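These figures come from a predicted structure and were not determined experimentally.
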Amino acid sequence: MSFLALTDPEIHTVLARELKREENTLELIASENFASLSVMEMAGGVMTNKYAEGYPGRRYYGGCDYVDEAENLARERLKLLFGVDYCNVQPHSGSQANMAVFMTFLEPGDTVLGLDLAHGGHLTHGSSVNFSGQLYNFISYHVSKSTGRVNFDDVQDLAQKHRPKLIVCGGSAYPRFIEFEQFREIADSVNSYLLADIAHPSGLIAAGLHPSPIPYCDIVTSTTHKTLRGPRGGIIMVGKDKENPWGRKAQKSGRIKMISELIDSTVMPGIQGGPLMHIIGAKAVAFGEALRPEFKTYSQNIINNAKAMVDEFLTLGYNLISGGTDTHLLLIDLTSKNIDGKTAENVLGKAGITVNKNMIPFDQRSPFITSGIRLGTPAVTTRGMGKDEMRMIVSWIDTALNNSDDDNILSRLKKDVNNLCSSFPVYGH
Ligand code: DSN
């Protein structure tokens with residue numbers, strides 16, 4: 001019996017319809033996943049009631065014994081998962097994790113290098129419509145037109161010319177392994193700090209299936225809800241804690257502080273108030289799940305499924321940015337298919353397949369239209385789908401895109417999608 005159905009049938013109906021949508025459609029948005037019932041139990045539990053400004057053992061409120069235990073569990077499990085000295089599990093999102101890093105390492109106006117958004121970066125890597133591009137002097141590096149991979153000659157030239165205080169690697173639409181070691185060499189050559197934003201591949205990294213940033217990067221941020229399959233949120237990690245001689249707060253306090261001390265105080269009280277203790281508890285649950293051997297199998301299946309999709313798309317004559325993938329995501333250039341990203345997203349939506357339109361490198365269209373779509377396999381892999389299903393899904397995508405004006409074909413595809421989904425329930429009952 002649902003309590004919400006009794007107390008607020010109006011919003012309960014909305015919730016029930018969203019559950020039905022998630023069960024009956026194919027979720028191919030690369031940044032989405034299905035959190036476990038255990039994660040959701042913690043996220044929907046009583047810790048939402050608790051104020052706990054501060055950190056375990058040094059809070060500004062009483063009654064924090066149990067939320068302290070939850071946060072300590074989250075921290076210890078995360079440290080084990082990535083092999084790091086220090087972590088902060090309080091950022092409400094990946095954007096706030098990045099904001100905390102920028103506010104710790106930079107002064108407004110400082111120069112930073114980040115991957116161009118249209119080349120696979122992220123809003124917080126210097127977009128002019130985001131705080132990052134407005135507060136800091138971000139210079140964008142790019143991928144090479146011929147390979148679709150980061151152009152390290154471009155990165156090196158820009159680094160020499162602009163002497164950035166920080167270089168950001170990683171992004172939200174880069175299908176290949178992030179080349180941490182090459183970024184480190186360039187950062188060292190100009191005495192710059194290196195931040196890895198691993199929001200997308202963090203689950204694959206935790207499973208040991210993507211190179212780790214920890215030996216190479218001064219600081220690492222991630223979200224917790226993509227390949228890591230936890231609740232919606234952010235984290236910050238440092239492999240080997242050290243002094244931060246450039247930090248603005250370090251200078252103001254007259255004493256050089258450790259990066260960990262500075263990050264903690266930037267997150268709270270710098271940019272956040274009360275932590276979301278129910279979400280921090282749910283992060284602990286997700287990190288516990290990711291430490292189990294089954295998570296490695298799951299992560300390998302994500303990659304196998306993405307590669308199966310790549311093979312099928314290439315057979316059907318599609319152009320994939322970088323020619324394929326090493327990870328969970330594919331970026332498809334639809335230019336040769338005579339359909340733009342916005343139309344493709346709408347058409348696939350009619351067939352029950354959820355994707356997002358996405359800029360491709362050197363895109364001639366606006367971010368509202370785009371020439372590409374981005375696909376990812378974390379969510380369908382959580383449902384238990386494998387390579388056979390991936391091949392079938394790609395053929396449905398191809399049929400939909402080739403018959404974008406034919407509502408009969410699209411609704412027939414939607415039935416096929418519904419049937420497939422009912423064989424792979426997400427939450428069942
Ligand atoms: N919006 C996320 C994504 O889709 O990749 C990044 O913040």
Side-chain angles (χ1 to χ4, degrees), residues 1-27 29 31-54 56 59-75 77-78 89-94 96 203 223-226 228-235 268 272-292 294-295 298 349 352 354 378-384 417-429:
M1 168 69 70
S2 161
F3 194 66
L4 187 62
L6 290 176
T7 57
D8 192 339
E10 195 177 7
I11 191 75
H12 178 263
T13 305
V14 177
L15 178 64
R17 283 163 55 208
E18 171 60 12
L19 173 61
K20 196 167 165 197
R21 187 195 70 79
E22 292 186 17
E23 288 283 357
N24 292 345
T25 57
L26 287 168
E27 184 50 74
I29 291 180
S31 48
E32 294 189 16
N33 210 330
F34 300 115
S36 70
L37 289 171
S38 310
V39 165
M40 291 199 294
E41 181 176 341
M42 198 72 205
V46 292
M47 286 194 183
T48 192
N49 299 327
K50 190 72 199 92
Y51 248 122
E53 285 178 21
R59 306 278 192 190
Y60 292 88
Y61 292 83
C64 287
D65 306 63
Y66 306 117
V67 294
D68 274 8
E69 285 181 29
E71 184 161 348
N72 280 331
L73 270 178
R75 296 204 291 200
R77 288 176 181 179
L78 185 60
V89 296
Q90 292 196 1
H92 300 330
S93 69
Q96 284 196 280
T223 51
T224 47
H225 49 274
K226 298 185 174 88
L228 210 42
R229 205 165 55 177
R232 192 157 290 274
I235 46 175
M268 205 304 295
Q272 291 187 178
L276 308 176
M277 293 314 307
H278 55 311
I279 298 300
I280 289 171
K283 286 173 182 171
V285 177
F287 302 153
E289 289 175 353
L291 282 164
R292 294 189 198 129
E294 307 88 273
F295 191 78
Y298 163 65
T354 313
V380 286
T381 307
T382 293
R383 298 182 85 130
V417 164
N418 285 171
N419 286 337
L420 178 66
C421 289
S422 60
S423 304
F424 293 90
V426 184
Y427 296 113
H429 296 293

| Taking it one step at a time, do E18 and R21 satisfy salt bridge (charged side-chain N to carboxylate O under 4.0 Å, His left out)? | CA-CA 5 Å; E18 171 60 12; R21 187 195 70 79; 2.9 Å; yes
| said: If you apply the rule side-chain contact (heavy atoms from CB on, under 4.5 Å), what do you find for C421 with L26, and how did you get there? | reply: CA-CA 7 Å; C421 289; L26 287 168; 3.9 Å; yes
| field | Check against side-chain contact (heavy atoms from CB on, under 4.5 Å), L73 and F287 | value | CA-CA 9 Å; L73 270 178; F287 302 153; over 6 Å; no
| Derivation and outcome, side-chain contact (heavy atoms from CB on, under 4.5 Å), residues N72 and R75 | CA-CA 5 Å; N72 280 331; R75 296 204 291 200; 3.4 Å; yes
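L276 pairs in a side chain to side chain contact (heavy atoms under 4.5 Å, CB included) with only one of the listed residues (H92, K50, Q90, R232), which is H92.
Atom CD of E289 is separated from atom OG of S38 by 5.5 Å, given to the nearest 0.5 angstrom. From I29, atom CD1 reaches atom NZ of K226 across 11.5 Å, with rounding to the nearest 0.5 Å. Summarising the geometry, atom CG belonging to N49 is positioned 9.5 Å from atom NE2 belonging to H278; distances are rounded to the nearest 0.5 Å. Note that CG of N24 and CG of N419 are 10.0 Å apart. Values are rounded to the nearest 0.5 Å. For the atom pair CG (L78) and CD1 (I235), the distance works out to 4.5 Å, reported to the nearest 0.5 Å. Atoms CZ and CZ, from R229 and F295 in turn, are 6.0 Å apart once rounded to the nearest 0.5 Å.
Closest approach of G352 to V417, counting heavy atoms only: O-CG1, 3.5 Å. Nearest heavy-atom pair across D68 and P56 is OD1-CA, 3.4 Å. Of all heavy-atom pairs between P231 and A286, the closest is CD-CB, 4.1 Å. Taking each heavy atom of R59 and G54 in turn, the nearest pair found is NH1-O, 3.1 Å. Of all heavy-atom pairs spanning G281 and A70, the tightest one is CA-CB, 4.3 Å. Smallest separation of non-hydrogen atoms from M268 and Y60: CE-CE1, 3.6 Å.
The 12-atom threshold is exceeded at CZ of F424, counting heavy atoms of other residues, nucleotides or ligands nearer than 6.0 Å.
Between the side chain of N33 and the backbone N or O of H225, no donor-acceptor pair lies under 3.5 Å. A donor-acceptor pair under 3.5 Å is formed between the side chain of T382 and the backbone N or O of P378. T224 places a side-chain N or O within donor-acceptor distance of the main-chain N or O of G233, the cut-off being under 3.5 Å. Using modelled atom types, no side-chain atom of K283 and backbone atom of E71 make a donor-acceptor pair closer than 3.5 Å.
Side-chain contact between S2 and H12: present, with at least one pair of heavy atoms (C-beta onward) separated by less than 4.5 Å. Side-chain contact between E27 and R383 is absent, with no heavy-atom pair separated by less than 4.5 Å.
Between Y427 and F34, the angle of the ring planes goes over 60°, which puts this pair in the perpendicular group of the 30/60° scheme.
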